[in-house]
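Worth knowing before you read on, the calculation uses all heavy atoms, side chains too, and leaves out hydrogens, waters and symmetry mates. These figures come from a predicted structure and were not determined experimentally.
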Amino acid sequence: MAILGAIDPILTKDLDAGTSDVSDAWRCRAYVERGGYSALKKIISEKIPPARVIDELKKSALRGRGGAGFPTGLKWSFMPSDYDGDKYLICNSDEGEPGSFKDRDLLLLNPHAVIEGMVIGAYAMGVKRAYNYIHGEIPEACARFLEALDEARAAGFVGNDILGSGFCVEIFAHRGRGAYVCGEETAMLESLEGKKGQPRNKPPFPAASGLYGAPTTINNTETFAAVPFVVSMGADAYLAAGTPGNGGTKLFSVSGHVERPGNYEVPLGTPFGALLELAGGVRASRALKACIPGGTSAAVLPAEVMMNLTMDYDSISRAGSMLGSGAVIVLDETTCMVGALEAITYFYQRESCGQCSPCREGTRWMHRIVRRIENGEGRSGDLETLEDVARNISGRSICALGDAASAAVQGFLKHFRGEFAHHIERGQCLVPREVQREGCRLRERSSKATS
Amino acid sequence: MMLARESLEKIDREIAKYPEGRKQSAVMEALAVAQDEKGFLSDEMIEFVAGLLGMAPISVREVVSFYAMYKHEAASSGKTRLTLCRSLPCRLSGADEIAETLKEKLGIDFGETTPDGRMTLVEGECMGACGDAPVALIDDKRMCCRLTREGVDALLREIG
């Protein structure tokens, strides 16, 4: 894996420079040569008060990179500063949203940026103990993070008396074991406490009652990785790299029917077309049919809508979808939209934790209906039932998993209803099965695109 | 002894990651350590881990059944477990054909174990590596990337 391309990168800048061996670019020494840990050193040596660090983040308009896009500085300011007991900080590397694979690359290629961001967060919020919850399916990335952590501890960036300041924070890794729902922050807290990962009701929010009932903040891996750059560049420069209200750059995980699936770092506000081009365009130069811009939890958008959008939180949201974690799934003209939705509904019915009836039962019903339509056994009235079930899940579960499953179904029906109706009436797909199969076959990876 | 000394020491190191009185937080890793040593988790092992961490056995059992990567002995478990990702991005890069090829070559369906007990084929969900689609995990330890129909034979030879 590698970062396959970028436009004005920040997080992945110079990743292949400064070392004789590119495979060592993740190491502490290489990170420091790139200017790494200078943000932490600056905060410590200039004795910048925690409140000012948080203000700087607010000014930068850095928004949470895990999916919800919540302003990071604001989230940090919710942590009580006058609390006497233990407080916790958690990095969410439990990346399981179909289409999202940026955290794996960040942990493999630039783990010290994540660690530095966590240490700065701990400083800003007065936290002494932090955990990185890492997706169980990426053992290599977890091993890399642990090795980087040892380096950081040895170099005095993590642990006791950091850089002689008296400030201490210990960081640990906690591995997930295969449950998508644990990426939801309160399910993650349950999991960290050694229980099955079923989400908690909110409120109370984690900043009031989180891990072991103590004030806790949870941020995404990419959010933490961005923090040192916000501090060292200054909020204004970071903000200027994106669009107003959408500060900085973002990693986009581009997958599906493209020539070069991979991670690309571009400024927020970059036109979708430019990102698609960076990923080598649609596979075998076929026509774009649709795109899911933010992981399967985001509503699918047809090609003509997508090609007019810029990749930022506000633009995608105005089009009726969401930027999510930046997981861009490209669907070309060989795609059967019923088959695609079958895969998505199957995922949610398997991953529903079973706690809330509307989600537990509803995701199963939705999958059963979509599967029978896909199998040529659809009945008249199926689409109405499907919509009815989707509407009745939405807003009726503790966490957003039910909402996500519902949004996915509603998005497909909104834009591709005719294709579903055709399946029901004719018992077969608009796209011949052999064409669909050919469309899914991998081609030799083309050489790196120039940009 | 239910577990080797080395495994018990590993579990002690895991417990030390959490605050005083929060041993239960180490249950996921303790179960993983036990599974690594024994290949699966027996009812006796669940009781043993519960005792180590001061938990009710049913609470440990809940954890085992909730997370996909634990192998409870009640489930069929071959020597090697191959988990193929079935999420949308992998399907868009040919996971369906890989699934058919694997089923044909092994003569089993998802959730089944080969008659010689060597291999269990499992359907998995997103592994967070869609840029390398289609992907599969071997024993939850190693990821195979950009699988092709032609590559399936070599893969099976390597792990079989």
Using residues 153-160 of chain B as the side-chain source, report each donor-acceptor pair under 3.5 Å to any protein atom, sequence neighbours left out, with the distance given to one decimal.
from	atom 1	to	atom 2	distance (Å)
Asp153(B)	OD1	Lys105(B)	NZ	3.2
Asp153(B)	OD2	Lys105(B)	NZ	3.3
Glu158(B)	OE2	Arg142(B)	NH2	2.5

Exercise for review: Report, by ascending residue number, the residues of residues 27-36 of chain B in heavy-atom contact with chain A at a distance under 4.5 Å; give 'none' if the set is empty.
Suggested key: Val27(B), Met28(B), Glu29(B), Ala32(B)
**Study point:** Pairwise side-chain contact, Leu88(B) with Ile292(A), heavy-atom cut-off 4.5 Å (strictly under)
**Key:** yes
Practice item. Give a yes or no on whether the backbone of Ser25(B) and the side-chain of Glu193(A) come within a donor-acceptor separation of less than 3.5 Å. Key: no
Review point. Does Arg433(A) pair with Asp96(B) as a salt bridge, N-O distance under 4.0 Å?
Key: no
Revision key, fill the gap. Looking only at heavy atoms, the pair that brings Ile138(A) and Gly128(B) closest together is CG2-O, 4.5 Å
Check your understanding: Any side-chain heavy atom of Glu125(B) within less than 4.5 Å of one from Tyr346(A)?
Key -> yes
Check your understanding: Does any non-hydrogen side-chain atom of Glu137(A) lie less than 4.5 Å from one of Asp140(B)?
Key -> no
Practice item. Would you mind checking which part of Ala279(A) comes under 4.5 Å of any heavy atom in chain B, side chain (CB onward), backbone (N, CA, C, O), both or neither? Key: neither
Study note, to complete from the structure: Cut-off 4.5 Å, heavy atoms of chain A, and the answer for Glu14(B) is neither
Study note, to complete from the structure: Rounded to the nearest 0.5 angstrom, the NE2-CG distance for His257(A) and Leu92(B) is 4.5 Å
Review point. With only heavy atoms counted, which part of Thr334(A) is less than 4.5 Å from chain B, the side chain, the backbone, both or neither?
Key: neither
**Study point:** Pair Lys141(B) + Glu140(A): basic N to acidic O under 4.0 Å
**Key:** no
Practice item. For the residue pair Ser93(B) and Arg283(A), confirm or rule out a side-chain donor-acceptor distance under 3.5 Å. Key: yes
Review point. Going by heavy atoms in the side chains, are Glu62(B) and Lys195(A) under 4.5 Å from each other?
Key: no
Study note, to complete from the structure: Here the pair of heavy atoms bringing Gly194(A) nearest to Met55(B) is O-CE, 3.9 Å
Review point. Can you say whether Arg129(A) sits under 4.5 Å from chain B via the side chain, the backbone, both, or neither, judging by heavy atoms?
Key: side chain
Review point. With ring centroids as reference points, do Phe172(A) and Tyr18(B) lie under 6.0 angstrom apart?
Key: no
Review point. So which part of Cys85(B) gets closer than 4.5 Å to some heavy atom of chain A, the side chain, the backbone, both or neither?
Key: neither
Exercise for review: Check whether Val258(A) gets within reach of chain B through its side chain, its backbone, both or neither, counting any heavy atom under 4.5 Å.
Suggested key: neither
Review point. Counting only N and O atoms by type, is there a donor-acceptor contact under 3.5 Å from the side chain of Lys17(B) to the main-chain atoms of Ala173(A)?
Key: yes
Review point. How about Tyr67(B) and Cys182(A): do any of their side-chain heavy atoms sit closer than 4.5 Å?
Key: yes
Practice item. Measure distances from Tyr88(A) to the heavy atoms of chain B and classify the residue's part below 4.5 Å as side chain, backbone, both or neither. Key: side chain
Review point. Between Ser100(A) and chain B, which part of the residue has a heavy atom less than 4.5 Å away: side chain, backbone, both or neither?
Key: backbone
Check your understanding: Would you call Ser191(A) and Val63(B) a side-chain contact if the rule is heavy atoms closer than 4.5 Å?
Key -> no
Practice item. Could you pull out the closest heavy-atom pair between Ser255(A) and Pro89(B), with the gap in Å? Key: OG-CB, 3.6 Å
Check your understanding: Do Phe66(B) and Cys353(A) have side chains that get closer than 4.5 Å, going by heavy atoms?
Key -> yes
Review point. With a 4.5 Å heavy-atom cut-off, do Cys126(B) and Tyr180(A) have their side chains touching?
Key: no
Revision key, fill the gap. Heavy atoms of Pro134(B) and Leu442(A) approach each other most closely as CD-CD1, 3.8 Å
Revision key, fill the gap. Scored by heavy-atom pairs under 4.5 Å with chain B, the best of His174(A), Glu351(A), Glu95(A) is His174(A)
